[in-house]
2 protein chains.
Amino acid sequence: MKVAKFGGTSLANAEQIKKVCGIIQADRSRRLIVVSAPGKRYKDDTKVTDLLIAYAERFLEAGEAEAEKQAIYERYQEIVEELGLSEEVWKQVQSELEGVLVNKQGLSTERFIDAVKAAGEDTCAKVVAHYLSSLGEEAAYIQPKEAGMLVTDEASNAHVLPVAYEKLAALRERKGISVFPGFFGYSTAGDLVTFSRGGSDITGSILAAAVKADVYENFTDVDSVYVVNPNLIPEPKEVKEITYREMRELSYSGFGVFHEEALIPAYQADIPVCIKNTNNPSAPGTLIMAERPYATNRVSGIASDSGFCSIYVSKYLMNKEIGFGRKLLQILEEEGLSYEHTPSGIDNISVILRERDMTAEMEQRIVARIQTELEAEDIAIQHGLALVMIVGEGMRRSVGTTARATTALAVAKINLEMINQGSSEVSMMFGVKAEEADRAVIALYHEFFGEEESETQAIQAGSSMMA
Amino acid sequence: MKVAKFGGTSLANAEQIKKVCGIIQADRSRRLIVVSAPGKRYKDDTKVTDLLIAYAERFLEAGEAEAEKQAIYERYQEIVEELGLSEEVWKQVQSELEGVLVNKQGLSTERFIDAVKAAGEDTCAKVVAHYLSSLGEEAAYIQPKEAGMLVTDEASNAHVLPVAYEKLAALRERKGISVFPGFFGYSTAGDLVTFSRGGSDITGSILAAAVKADVYENFTDVDSVYVVNPNLIPEPKEVKEITYREMRELSYSGFGVFHEEALIPAYQADIPVCIKNTNNPSAPGTLIMAERPYATNRVSGIASDSGFCSIYVSKYLMNKEIGFGRKLLQILEEEGLSYEHTPSGIDNISVILRERDMTAEMEQRIVARIQTELEAEDIAIQHGLALVMIVGEGMRRSVGTTARATTALAVAKINLEMINQGSSEVSMMFGVKAEEADRAVIALYHEFFGEEESETQAIQAGSSMMA
């Protein structure tokens, strides 16, 4: 059994929905389908979810939002008509949608917004179920409340409750095709609550775990994940197979295929995730799994992100002082800051964190506390850093990856502000000046993906490493 | 004004003491002299300090230790005679020494041991002062109690009290040559207390800071500090100038010139330290200072040490968990463990620590706590690691040091378990398997000190980097 989730662009109009249903019909094991709300049909189009948010805001402000409501109806009506569904289907769908949109009574503002937003996915699931039925399939819309999608009561930020998995497991036994709306669940008190953005991915991941799917297929609009951000390298190589750990290490920008928290349920249940393209379903896509077979090219991808800063602290004989590092991290924790890495020397330590998290006042307070509480000798804050990650499970099996990477960066005249490679060897992190990050990524891409030669050849040849 | 400290081998016999006094006379600014106790005259000889310890132990056990006492007297008597000093000098010196050795009354065991140990340096200082006087110099033995060497009351582990610096500053105004015994001071209650091992270096460093010396000369039996452990590379290059920070980063084995805590007073007072050879005083030695001029060869030294282990911890979405790293370090702190480095990936962190600090029971407790308190997914302990450090202040000014280092290691087929380079860029740390550490150091030595070529040439030439 496969769980297949389709994103907004895969459901943007009737033509796309026909593709989706063709994909469902092409593989009888695709029995549990999760849908997003219809997305953009063209570049400047508006997603249905954004139409719904605009509606809710206007309705809360003005007590009515007729124009906004009509824009939503038009999107769905066009889809229903072009799918060749009957006027009755449209009336039924519209009536249920209307029931949500104008029914503010008894709902707090937060609950009303969550209910309106969720109507995008919910309506879409009904339309898809109707269309599949019209094609002669045994297909049914599944109501998340009835199915047991139980979540915490945090508006727009729900988290699944463990009990939900037990209830949702029953979906495995359902006959035919089940169409499940993504993005929301119900609190134990029975109120509708949505997940955070990207919530349909979460729904799919939860269902895949609950029914113990063979694979969780995530259909989007790209053929695969690429080894590097396509904005930097035109037509980069595709990632065929990648592990969860690699995917996480690559979570810096350029790898935003879907929200990483969405992966957790599938990860924990050890369900492989396959990223596929609705517009090119025969492409193999990218498979995310727990372990991947040893590949000749042991680097899986290169990612980078800017907007980091470092706090450098030094003190003579620091490393003989038990608790120094812990106290430093505690100061950051008390400011509510998380950090990325802490490269260190004997008597110095640098903490790398996101610049956006640290205000100027926090920075002042932190420096003052490090000075007075830790009696540090030198404290220096460096802004404008980027982190460049090379990721690959296979790196641990071979000598010389670091040499190839650092030589490629040296030839590109990029100075390394920091290097960090833990004993997992899934990744290697280089800190560079933000303005040099793109050049660094391009240099590394050419080193590891530019030519088809083995590392041993490269090292033995010597000069070829300089390419 | 210079403070010159002479180590045990520089004072092992009359011949060596003559060299020492020649060195003192050769530079009139060497006005404050610190002496150790006489050291080994040949490989299997016993240091006077060890004779004194043997004496004290036997005396405490048996109530007398005549043979051990005679061994001590013989060493000093031979020195006094061979220096051509009079019988009266010997009688006086012996009588004062005897006063310490047999005077246990009213002293605790700890105090007695400290007093006996200190007699080695104290007697030596008197002999040197007598000999300098016999040469016509205005020279005097300085009693540390009278001079104000005030320390904390921790037997065998005294620390200087801040007030001592004010009192000892008066030594700057003394005429002639002052000979000060190293290794001990007095508590404010007036009791003799010794420093930890290497304590004469501490005495010299304190005096240099107190009198604001132009330089603190530390005479030993090597021409200089070497860029690498001479046991690994025969006749390695000498270090001419090195900064305190570099010296500290190199404090792993192979750079044990003197105890690093001994440097603190000089470091804090910004007094340059010069390591010189009593047996070759015209050699320039190694100068340790706050800043060093930019040198063409920006790597100052290569050190390594084994006996490390790593605790690898991974958990999906770890880096979104504020406080994870801090809690991990807190567990180690609660076990009384200090750590060396914490290289990390997105969802994993490794803590590098000394194996000797962690017992098997501690290891079990720590793993259990990480599992239950941090809910980590994977915990792996790797034993038998070595850390290899490349150190050099100049590294930050140039591109490509890392590339040269990692390429040299890759060519030597050494796998890198870890890499760590903080934003100070004074050092670069590589974790390797212990059995590969020596080969790693040798490969790095040949890369950075083997041939006289600039880094730019090396990178441009390409193949030459592989040498």
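The shown structure was predicted, so the numbers you read here are calculated from the model rather than taken from an experiment.
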Check: For A:Ile419 and B:Asn420, what are the C-alpha separation, side-chain angles and deciding distance, and is it a side-chain contact (heavy atoms from CB on, under 4.5 Å)?
Finding: CA-CA 6 Å; A:Ile419 308 174; B:Asn420 193 357; over 6 Å; no
Check: For the residue pair A:Tyr316 and B:Tyr244, does the interplanar ring angle fall in the parallel (under 30°), tilted (30 to 60°) or perpendicular (over 60°) class?
Finding: perpendicular
Item checked: Per-residue contact mode, A:Leu328 against chain B (heavy atom under 4.5 angstrom) -> neither
Next item on the list: Below 4.5 Å from any heavy atom of chain B, which atoms of A:Ile264 appear? Answer side chain, backbone, both or neither.
Entry: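 Interface part for A:Ile264: both.
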Check: Which residue out of B:Ser314, B:Gly336, B:Ser344 racks up the most heavy-atom pairs below 4.5 Å with chain A?
Finding: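 When all of B:Ser314, B:Gly336, B:Ser344 are compared, B:Ser344 has the most.
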Check: Between B:Asp378, B:Asp347, B:Thr342, which residue shows the highest count of heavy-atom pairs closer than 4.5 Å to chain A?
Finding: B:Asp347
Notebook entry, point to check: Which distance, rounded to the nearest 0.5 Å, do you find between the CE of A:Met318 and the CZ of B:Arg248?
Noted result: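 Between atom CE of A:Met318 and atom CZ of B:Arg248 there are 10.0 Å.
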Next item on the list: Please look at B:Glu377 and chain A and tell me whether the side chain, the backbone, both or neither of the residue comes under 4.5 angstrom of a heavy atom of that chain.
Entry: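 For B:Glu377, the contact with chain A is made by the side chain alone.
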Item checked: B:Gln421 side-chain N/O to A:Leu416 backbone N/O, donor-acceptor pair under 3.5 Å -> yes
Note to self: Looking only at side-chain N and O atoms, does B:Asn348 offer a donor or acceptor that is under 3.5 Å from a partner on A:Glu249?
What the structure shows: yes
Check: In a check of side-chain hydrogen bond (donor to acceptor under 3.5 Å, both in side chains) between B:Thr406 and each of A:Thr401, A:Thr406, A:Thr407, which one passes?
Finding: A:Thr406
Item checked: Most chain B-contacting option - heavy-atom pairs closer than 4.5 Å, from A:Glu340, A:Glu333, A:Met389 ->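 Top count of heavy-atom pairs under 4.5 Å with chain B: A:Glu333.
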Next item on the list: Among residues two or more places apart or on two chains, list those pairs meeting ring-ring contact (aromatic ring centres under 6.0 Å, His included) that have a residue in residues 321-344 of chain B.
Entry: none
Note to self: Please find the pair of heavy atoms, one from A:Ile322 and one from B:Leu337, that lie closest to each other, and give the distance.
What the structure shows: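 Nearest pair, atom of A:Ile322 first, then B:Leu337: CG2-O, 4.0 Å.
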Item checked: Distance-minimising heavy-atom pair for A:Ala410 and B:Ala403 -> CB-CB, 3.9 Å
Notebook entry, point to check: So do the side chains of A:Arg326 and B:Lys327 get within less than 4.5 Å of each other, counting heavy atoms only?
Noted result: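 Not touching, per the 4.5 Å side-chain cut-off.
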Margin query: With a 6.0 Å cut-off (strictly less than), is the heavy-atom count around CD of B:Glu321, excluding the residue itself, greater than 12?
Written below: yes
